Amino acid sequence: MHLLPQGRSLVRRFSTSPALRRWIPFDDKMVRAYPIAGKTPKFTDMKNAFDEVRSGDHIYAHSLSATPLPLLRGLADHVKERSLKDITVHSLIIAGKVPWDGEEFDGAIRSNCLFTGESSRRAVNEGRADFNSVFLSEIPRLFRSGTIKLNVALIHVSPPDANGFCTMGTSVDCSRAALMNANYVIALANKNMPRTFGDSLIHSSHIDVIVNDESTPLPELPSIPPGEQEQKIGALIAEHLVDNGATLQMGIGGIPEAVLPALKDHKDLGIHTEMFSDGVIDLVKQNVVTNRMKQVHPGKIVATFVLGSNKLYSFLDDNPMVEFGDVQWVNDPGVIRQNPKVTGINSCIEVDLTGQVVSDSVGKTFFSGFGGQVDFIRGAALSNDGLGKPIIAMTSTTKKGQTKIVPYLSQGSGVVTTRAHVHYIVTEYGIAQLWGKNMRQRAYELIKIAHPDHRESLEKSAFERLKVMPSPH
């Protein structure tokens, strides 16, 4: 059994957010209102921040645009200096180079990735890091249930205000559950971290150690202009699938970003999404996004994290229009469905002729993770007003010209969104509505939106697989 060294708190930290407590079954006896009387954090330098880290610890690292890279480098230095072993670091996507991704850390630190991105993809596929396949909405349960017992949480916050309150800035997601259920919390307090609203709030009395940072910029996601194919897809979705007054969810990538500028003539759009990027700012300024029609937090953009440029981070700072929520609540289909005309826009890697969607892998190679795609696909499909639209969008071919609509999924590929979940598939050649269709009809719809160069071969493959010709009837 892993014993806590002297000095570690046995108090589990739980959120008092009314929104969270409405949806997450907390034990009321364990809920502690903050601030905690008589408790203050220890302010120290990086070298002395990790004195309570021990061999065998399970550590959570704040991720995405809130990745506390100085803390991660400090942890790696501490582990080398103390010759610690068997430490596991749990995280979503670490933005930047993982400091322990080298042979000298074998047996010392190992990553357990709750989502796979550029910084961890190679290590995961080479067996040097582990990968958990789990819905984004369920990751907080891993910590709240004790399935993953956290000894330490490394977080990135805005500096304490005059009353001692910090915020988690750009990334609440599963990180709030992690810090509330870790026995020891080490924070990087960075003046560049915007102060944000909602479940982002954390009083400094819940933090054990704070390292002040005056200079580290937040990780940015470069904005890549969408290509011609993405622009066509964005225009199709905006014109035919997004209604005035709709509540939007956008996944990450070029296609969701291509949709946003095509919405400039829409009215009273709302946003309830796991994440958003820079493209939302212009729609707010143009009074396209008002959130006026929403049922869940009307007037507010609801998200669980953001990833973009410094322009986006400045937009967030002290902006009460944006509310960050714990992802167990934000991505709950039961919450999502309450909003009007829920329109979920996500991308994928591959779709077979029956409508099975691959989004987390390229053949045998792990590429990303489940994320919130299924959460929002289901929330939109179950929309209380019956007007939700679950959308999967992709270019018809890869950069090498290979079709993404395939007779059979590539060997090793994992299904993220099942054929029963799918409603709309969109490529630059059109929109396929699959819900309620039989397999022959599905094949027909998908072949129509495949690249023309591949349609004949797909028809032959559909006949071989289904034993009948694809048909609209």
Side-chain angles (χ1 to χ4, degrees), residues 227-242 251 253-256 258-259 343-363 367-368 370 373-374 376-378 380-381 388-473:
E228 182 180 352
Q229 293 173 318
E230 287 86 358
Q231 289 178 359
K232 288 180 179 178
I233 293 169
L236 282 169
I237 292 173
E239 181 178 353
H240 298 288
L241 296 177
V242 180
I255 291 175
V259 175
T343 305
I345 305 167
N346 292 275
S347 54
C348 71
I349 292 170
E350 186 176 72
V351 179
D352 78 357
L353 288 173
T354 71
Q356 296 187 105
V357 176
V358 174
S359 302
D360 72 340
S361 51
V362 180
F367 187 78
S368 58
F370 264 53
Q373 182 173 121
V374 178
F376 279 93
I377 288 288
R378 201 66 187 138
K389 294 189 178 75
I391 300 165
I392 300 289
M394 63 180 184
T395 56
S396 63
T397 58
T398 67
K399 292 180 180 179
K400 296 180 179 179
Q402 298 170 327
T403 180
K404 292 185 181 180
I405 297 174
V406 295
Y408 298 94
L409 300 181
S410 303
Q411 184 179 7
S413 293
V415 174
V416 167
T417 299
T418 73
R419 58 171 72 102
H421 284 102
V422 169
H423 284 225
Y424 296 94
I425 304 285
V426 183
T427 74
E428 69 271 26
Y429 292 102
I431 300 169
Q433 198 287 100
L434 302 188
W435 188 78
K437 302 287 178 65
N438 62 40
M439 296 306 152
R440 286 187 298 117
Q441 293 168 329
R442 284 168 174 250
Y444 175 82
E445 292 292 325
L446 287 166
I447 291 169
K448 280 200 309 182
I449 65 167
H451 193 284
D453 290 351
H454 297 282
R455 290 176 189 172
E456 183 177 350
S457 64
L458 286 171
E459 287 177 355
K460 292 177 181 178
S461 297
F463 181 77
E464 292 172 2
R465 180 170 184 180
L466 303 174
K467 310 307 178 189
V468 290
M469 288 298 294
S471 169
H473 305 295

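Residues: numbered from 1 along the sequence shown. Keep in mind that what you see is a predicted model, and the values were worked out from it rather than measured.
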Check whether any side-chain heavy atom of Ile233 lies under 4.5 Å from a side-chain heavy atom of Val426, and answer yes or no. yes
Say you draw a straight line from NE2 of His421 to CD of Gln373; how long is it, rounded to the nearest 0.5 Å? 10.0 Å
Separation between CZ (Arg419) and CE (Met439), nearest 0.5 Å, reads 5.0 Å
When rounded to the nearest 0.5 Å, the distance separating OG1 of Thr403 from CG of Asp453 is 10.0 Å
Beyond-backbone contact of Leu446 with Leu434, side-chain heavy atoms, under 4.5 angstrom: yes
For the CD1 atom of Ile377 and the CD1 atom of Ile345, what is their distance to the nearest 0.5 Å? 10.0 Å
So which atom in Met469 and which in Arg440 form the shortest heavy-atom distance, rounded to 0.1 Å? O-CD, 3.8 Å
Testing the 3.5 Å rule here: is there a donor-acceptor pair between the side chains of Thr395 and Gln229? no
One thing to verify: whether Lys460 and Glu456 come together as a salt bridge, which I'm taking to mean a side-chain N less than 4.0 angstrom from a carboxylate O. yes
Can you see which heavy atom on Ser368 is nearest to which on Ser359, and at what distance? OG-O, 3.1 Å
How far apart are the closest heavy atoms of His451 and Thr397, and which atoms are they? CB-CG2, 3.6 Å
Given Ile447 and Leu353, is the side chain to side chain contact (heavy atoms under 4.5 Å, CB included) satisfied, shown in steps? CA-CA 8 Å; Ile447 291 169; Leu353 288 173; 4.0 Å; yes
Distance check, rounded to the nearest 0.5 Å: Thr354 atom OG1 versus Leu409 atom CG? 7.0 Å
Looking at every heavy atom in both Gly430 and Ile449, which two are closest together, and how far apart are they? C-CG2, 3.5 Å
Taking Arg442's backbone N and O only, do any of them form a donor-acceptor pair with Glu445's side chain (distance below 3.5 Å, no angle check)? no
Using every non-hydrogen atom in the two residues, find where Met394 and Lys404 come nearest and quote the distance to one decimal. SD-CB, 3.8 Å
Is any side-chain heavy atom of Val358 closer than 4.5 Å to one of Cys348? no
Contact summary for Thr343 and Ile391, nearest pair of heavy atoms: CG2-CD1, 3.7 Å
Ignoring hydrogens and angles, state whether a donor on the side chain of His454 or Ser457 is under 3.5 Å from an acceptor on the partner side chain. no
As an exercise, state the distance from OH of Tyr429 to CD1 of Ile405, rounded to the nearest 0.5 Å. 11.0 Å
Less than 3.5 Å apart, any donor N or O on the side chain of Ser396 or Glu428 sitting next to an acceptor on the other? yes
Students often mix this up, so state it plainly: with edges at 30° and 60°, are the rings of Trp435 and His423 parallel, tilted or perpendicular? parallel
Give a yes or no on whether a salt bridge exists between Lys232 and Glu228, defined as a side-chain N under 4.0 angstrom from a carboxylate O. yes
